[in-house]
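Below: the structure, in structure tokens.
Computed over heavy atoms, backbone and side chain alike; hydrogens, waters and symmetry mates excluded. Per chain, numbering begins at 1; letters A, B, ... match sequence-line order.
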Protein chains: 2
Amino acid sequence: MSENVGRWLRDEIEDAILSYEFAPGERLDETVLANRFGVSRTPVREALMQLDAIGLIEIRPRRGAVVIDPGPHRIYEMFEVMAELEGLAGSLAARRLDNTSREAITATHSRCEQSAGAGDSDAYYYDNEEFHKAIYAASRSDFLEEQCVQLHRRLRPYRRLQLRVRNRLSTSFSEHCAIVDAIFAGNGDEARRLLRTHVGIQGERFSDLVASMASR
Amino acid sequence: MSENVGRWLRDEIEDAILSYEFAPGERLDETVLANRFGVSRTPVREALMQLDAIGLIEIRPRRGAVVIDPGPHRIYEMFEVMAELEGLAGSLAARRLDNTSREAITATHSRCEQSAGAGDSDAYYYDNEEFHKAIYAASRSDFLEEQCVQLHRRLRPYRRLQLRVRNRLSTSFSEHCAIVDAIFAGNGDEARRLLRTHVGIQGERFSDLVASMASR
DNA sequence: AACGTCATTCTTGTATACACGAATGTTGAC
DNA sequence: GTCAACATTCGTGTATACAAGAATGACGTT
């Protein structure tokens with residue numbers, strides 16, 4: 001449990017939303033949440049305020065909080081921005097790479113190789129996350145890293161859906177290889193381009209996303 | 001005053017921070033704020049929670065809230081991300097431009113022309129803001145627009161400092177012209193490139209920023 | 001004189017109580 | 001039978017009270 005109940009609740013509710021335990025559009029009753037977590041309404045409200053500021057829920061004055069339902073179109077927009085930010089991170093990483101970052105990228109990359117080779121999509125899901133975070137860190141831009149991590153977190157559930165798609169695992173990993181090559185070669189423009197297409201969801205991948213969302 | 005005291009306070013405190021009334025590093029005492037605004041501590045705390053989530057202040061458990069002090073380096077990083085996002089907005093705007101957006105851009109652009117011609121840096125400051133917002137909207141990506149507006153807001157005070165620099169007004173406006181041309185010509189890559197350099201702070205402009213920050 | 005320990009005080013964190021607006025269900029009229 | 005007005009209920013918004021941890025200062029010891 002975090003330092004104080006408010007933050008703990010924020011993380012707890014955030015996780016519940018990102019894992020669809022609290023479905024999009026669902027109403028979040030303060031009293032119910034307070035009882036469920038065995039605390040008073042005060043920290044619950046504080047947690048909700050923060051989630052509202054982050055953009056995960058919407059608090060309509062006097063009318064309670066509801067989980068935001070980002071339709072396929074908005075999710076596409078979020079991936080579009082994510083692609084842009086990751087592209088920037090990649091290009092900076094290529095320019096500024098040092099030994100520490102290089103090793104972190106290599107380590108996470110080879111872990112991806114293992115889980116992709118084993119066809120373990122759950123393991124790959126985590127390793128992939130670490131790989132991308134290694135690139136954010138390698139950008140040496142704290143602000144960019146924070147923005148990337150936050151957006152990455154919000155997109156987590158949809159990323160997971162994507163990995164279920166047939167052949168996506170090996171495709172993803174081979175894209176990683178090219179990205180690593182570009183970064184290690186110091187080719188910022190290439191790293192940017194590759195990351196943009198790796199992260200963005202164009203063409204049939206968007207239809208896949210819509211389909212997998214609809215099937216839930 | 002907004003719908004509820006909490007939100008009102010959030011905006012109020014946010015403005016106070018962005019206008020340096022609450023200086024970076026300053027401690028924000030809940031009781032003092034409550035007295036100052038004539039409310040109880042509860043809504044003050046809720047406002048602070050939100051500002052913490054946005055990243056304007058930092059709340060250290062049991063040790064109170066302090067206004068975050070983004071040093072020159074971090075501000076540079078923020079402009080770097082802003083440049084990237086605006087570049088994306090510009091490129092999308094060029095592709096998706098419709099009559100409504102076209103008119104909005106034209107209108108705000110000519111207002112910039114007037115204030116720049118008059119050498120009125122305060123007026124230009126506002127008109128420039130509207131011009132950029134018109135481009136965000138023209139991107140037709142709600143999420144991107146929100147992100148841009150939010151970051152733009154956080155960078156507002158530094159932008160203001162920048163405009164004070166000699167000749168910056170006319171330089172800025174002539175860059176606008178090129179940007180408008182690129183967007184209207186449907187040249188997304190060019191719009192992106194121009195916006196990136198327009199928004200980013202490279203070379204001597206960074207030194208200018210540091211200097212103007214130090215002189216406060 | 002300097003440092004460490006303890007007590008006091010001050011501020012934050014949480015709970016509870018109360019006020020007010022919104023939602024809802026009921027009753028009456030057309 | 002339907003719709004509208006009103007009352008009731010329920011949930012949010014704010015204030016206050018209480019608990020607990022951190023900062024501060026005084027006192028004693030080395």
Side-chain angles (χ1 to χ4, degrees), chain A residues 1-18 20-70 150, chain B residues 1-18 20-70 150:
Chain A
M1 170 142 46
S2 189
E3 295 103 340
N4 58 23
V5 181
R7 290 185 186 216
W8 170 65
L9 275 177
R10 168 171 59 76
D11 296 341
E12 208 71 18
I13 298 174
E14 182 178 357
D15 285 343
I17 291 173
L18 291 180
Y20 291 119
E21 192 180 340
F22 296 144
E26 183 176 337
R27 174 112 182 276
L28 296 179
D29 187 300
E30 296 176 359
T31 311
V32 172
L33 288 172
N35 290 336
R36 164 172 174 157
F37 292 105
V39 297
S40 83
R41 273 180 51 221
T42 307
V44 171
R45 284 182 61 79
E46 295 188 341
L48 292 181
M49 291 274 142
Q50 293 181 68
L51 294 174
D52 178 72
I54 293 172
L56 271 175
I57 67 174
E58 184 189 354
I59 299 182
R60 296 161 306 175
R62 288 253 171 226
R63 303 187 56 211
V66 293
V67 179
I68 283 196
D69 181 7
Q150 192 176 330
Chain B
M1 168 139 51
S2 190
E3 296 103 339
N4 59 21
V5 181
R7 292 185 184 215
W8 170 64
L9 276 177
R10 167 171 60 77
D11 295 341
E12 207 71 19
I13 299 174
E14 182 177 358
D15 285 344
I17 291 174
L18 291 180
Y20 290 120
E21 192 181 338
F22 295 143
E26 182 175 340
R27 174 112 179 276
L28 296 179
D29 187 302
E30 296 176 359
T31 310
V32 172
L33 288 172
N35 290 336
R36 164 172 176 159
F37 291 105
V39 297
S40 85
R41 272 179 53 224
T42 307
V44 171
R45 282 181 61 79
E46 295 189 340
L48 292 180
M49 290 277 147
Q50 294 182 69
L51 293 174
D52 178 72
I54 293 173
L56 271 174
I57 67 173
E58 185 188 354
I59 299 181
R60 297 161 306 176
R62 291 250 169 227
R63 302 186 60 211
V66 293
V67 179
I68 283 197
D69 181 9
Q150 191 177 331

**Asked** Quick one: the side chain of B/Arg41 and the base of C/dG13, do they pair up donor-acceptor inside 3.5 Å?
**Response** yes
**d(CZ, B/Arg7; P, D/dT14) in whole Å** = 10 Å
**Message:** Once you apply a heavy-atom cut-off of 4.0 Å, does A/Arg62 come out as touching a base, just sugar-phosphate, or nothing?
**Reply:** base
**Item:** Length of the line joining A/Arg45:CZ and C/dT16:P, which is rounded to integer Å
**Value:** 16 Å
**Fill in**
On DNA chain C, more 5' by nearest nucleotide between B/Asp29 and A/Ser40 is B/Asp29
**Message:** As a test of reading the structure: which of C/dT11, C/dT14, D/dG11 is closest to the side chain of B/Arg27, going by heavy atoms?
**Reply:** C/dT11
**Prompt:** Counting N and O atoms only, with roles assigned by atom type, does the side chain of A/Asp52 sit under 3.5 Å from a partner on the main chain of A/Ile59, one being a donor and the other an acceptor?
**Reply:** yes
**Request:** When you get a sec, tell me which of D/dG11, C/dT14, C/dT12 is the closest nucleotide to the side chain of A/Thr42?
**Result:** C/dT14
**A/Glu46 CD to D/dG13 P, straight-line distance once rounded to whole Å** = 14 Å
**Short side-chain N/O contact from A/Arg63 to OP1 or OP2 of C/dA23, under 4.0 Å** = yes
**Request:** Hey, could you give me the CD/CD distance between B/Glu21 and B/Glu26, rounded to the nearest 0.5 Å?
**Result:** 9.0 Å
**Asked** Is there a side-chain contact between B/Asn4 and B/Arg7 (heavy atoms, below 4.5 Å)?
**Response** yes
**Prompt:** So does A/Thr31 reach the base of D/dT12 with its side chain, donor to acceptor, closer than 3.5 Å?
**Reply:** no
**Request:** For B/Asn4 and D/dT14, give me the distance from atom CG to atom C1', rounded to whole Å.
**Result:** 10 Å
**Prompt:** Rounding to a whole Å, what distance do you find between A/Asp52:CG and D/dG13:C1'?
**Reply:** 15 Å
**Item:** Pairwise side-chain contact, A/Leu33 with A/Phe22, heavy-atom cut-off 4.5 Å (strictly under)
**Value:** yes
**Message:** Without decimals, in angstroms, what is the distance between A/Trp8 CH2 and C/dT14 C1'?
**Reply:** 13 Å
**Item:** Nucleotide D/dG11, atom P - distance to CG of A/Leu48 in whole Å
**Value:** 15 Å
**Request:** Calculate the interatomic distance between A/Leu28 atom CG and D/dG11 atom P; express it in whole Å.
**Result:** 14 Å
**Item:** Nearest-0.5 Å distance that lies between atom CD1 in A/Ile68 and atom CD1 in A/Ile54
**Value:** 11.5 Å
